[in-house]
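The sequence lines fix the lettering, A, B, ..., with proteins before strands; numbering per chain opens at 1.
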2 protein chains.
Amino acid sequence: MSRDLPDFDLSRFLPYRLTVASDRLSAGLARRYRTEFGISNAEWRVLVHLADAGEVSIRELEARVHLEKSKASRAASRLVEAGHVTKRPNPEDRRLVRLSLSDRGRALMTELLPMAASYQERLEAVIGTHMDDLEAALEAIMEADL
Amino acid sequence: MSRDLPDFDLSRFLPYRLTVASDRLSAGLARRYRTEFGISNAEWRVLVHLADAGEVSIRELEARVHLEKSKASRAASRLVEAGHVTKRPNPEDRRLVRLSLSDRGRALMTELLPMAASYQERLEAVIGTHMDDLEAALEAIMEADL
DNA sequence: CAGTATTCGTTGCATGCGCAACAACGTCAA
DNA sequence: TTGACGTTGTTGCGCATGCAACGAATACTG
């Protein structure tokens, strides 16, 4: 029995804790989106960006909502398939694509967005006074190079 | 052009921000573990728990390190395959399994654990004074029911 | 004790993922 | 204009994942 290993408490390891907390929130949301609307997490990000950006290309999705381009492309395809999104070529640069919400997609977002907003509110209530520091910490993580 | 959709800023949506930040940390770590040791994230969690828990069953992994049982089972298989972990049946309850670090696995952890600890330190330096609130917020998220 | 329910770990299946390769298109210099 | 180079989006491939179903082992109940 060699007890020479350094002590290490996984439950205090920040990347682990962040992942677990994030998975918890995402799983809860994803379950609602999926069961009620048949929408996955990636698809939801696309929809949200379309809802306030209008016409968008794949590479813009990649940059704005942190979706790798193949993931963005496939999410968009599924949304087109489902009738929530319209895809057409960009005539000014035919490499690009113009994604936009269809009427049906817009109707969907009329339900989804308020649901997300109320989720955010409940979350902020739960987090309470730590909210500002939480945001500051997340920004520090995003800007740090590690 | 119906501009009737509620405003919603994805970049302020907490589940999204948490996921992005967590992915950023996990991806950085995973890359190092994978390129230097051929270890995935799930496998790493198993190793860490084995390093301070000794002999462990799959269901204990599931409970302690938040790995769904099939994920834990497959991670363990890969580690056995790689020679880092030993698996044998539990004689007192033959449904259970006893996973433990092999000598090779222990040697691996001698390198991995200090690396993780120093990563945590750099992270805490980056987060600075927000650290306590960050932890409090994460705990609130974990305990809330949403 | 027999018979049923429960627990544990593994596996089959469908699916989503990341990465590299690719075709189509545009840019730029000579 | 031509040809080399960069960009954009899609797709093939291998792999990890989540879920349900399953066999084996144990616990429980009357």
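Between A:Asp23 atom CG and D:dG18 atom P the separation is 8 Å, expressed in whole Å. Straight-line distance from the CD1 atom of B:Ile58 to the C1' atom of C:dG9: 7 Å, rounded to whole Å. In this structure, CD of A:Glu68 is placed 13 Å from P of D:dG9, rounded to the nearest angstrom. Going from atom CD1 of B:Ile39 over to atom P of D:dA16 covers 12 Å, rounded to whole Å. The distance from atom NE2 of A:His66 to atom P of C:dG18 is 13 Å, rounded to the nearest whole Å. Rounded to an integer number of Å, the gap from A:Asn41 CG to C:dC17 C1' is 14 Å. Atoms CZ (A:Arg98) and P (D:dT8) sit 15 Å apart, rounded to a whole Å. In this structure, CG of A:Leu67 is placed 16 Å from C1' of C:dC19, rounded to the nearest angstrom.
Among the heavy atoms of the strands, none lies under 4.0 Å from A:Ser40. Residue contacts shown for A:Ser77 are absent, as no nucleic acid heavy atom lies under 4.0 Å away.
Between A:Glu55 and A:Arg88 there is a salt bridge, since a side-chain N of the basic residue sits under 4.0 Å from a carboxylate O of the acidic one. Between B:Arg12 and A:Glu124 there is no salt bridge, since no side-chain N of the basic residue sits under 4.0 Å from a carboxylate O of the acidic one. Salt-bridge check for A:Lys71 with A:Glu62: failed, with every basic side-chain N at 4.0 Å or more from each acidic carboxylate O.
Taking only side-chain nitrogens and oxygens, B:Lys71 never comes nearer than 4.0 Å to OP1 or OP2 of C:dG9. Not one side-chain nitrogen or oxygen of B:Arg95 sits closer than 4.0 Å to the OP1 or OP2 atom of C:dG9. Of the side-chain N and O atoms in B:Arg78, one or more sit less than 4.0 angstrom from OP1 or OP2 of D:dT17.
When each of C:dC8, D:dG9, D:dG18 is scored by its nearest atom to the side-chain atoms of B:Lys69, the top-ranked nucleotide is C:dC8.
Considering only heavy atoms from C-beta on, B:Ile58 stays 4.5 Å or farther from B:Leu67 through its side chain. Side-chain contact check for B:Pro15 versus A:Ser22: every heavy-atom pair is 4.5 Å or farther apart.
When each of A:Asp93 and A:Arg34 is assigned the nucleotide of DNA chain D bearing its nearest heavy atom, the one mapping closer to the 5' terminus is A:Asp93. Residue whose closest nucleotide on DNA chain C sits further toward the 5' end, between A:Arg94 and B:Ser73: B:Ser73. Taking the nucleotide of DNA chain C with the nearest heavy atom to each of B:Arg74 and B:Glu60, the more 5' of the two is matched to B:Glu60.
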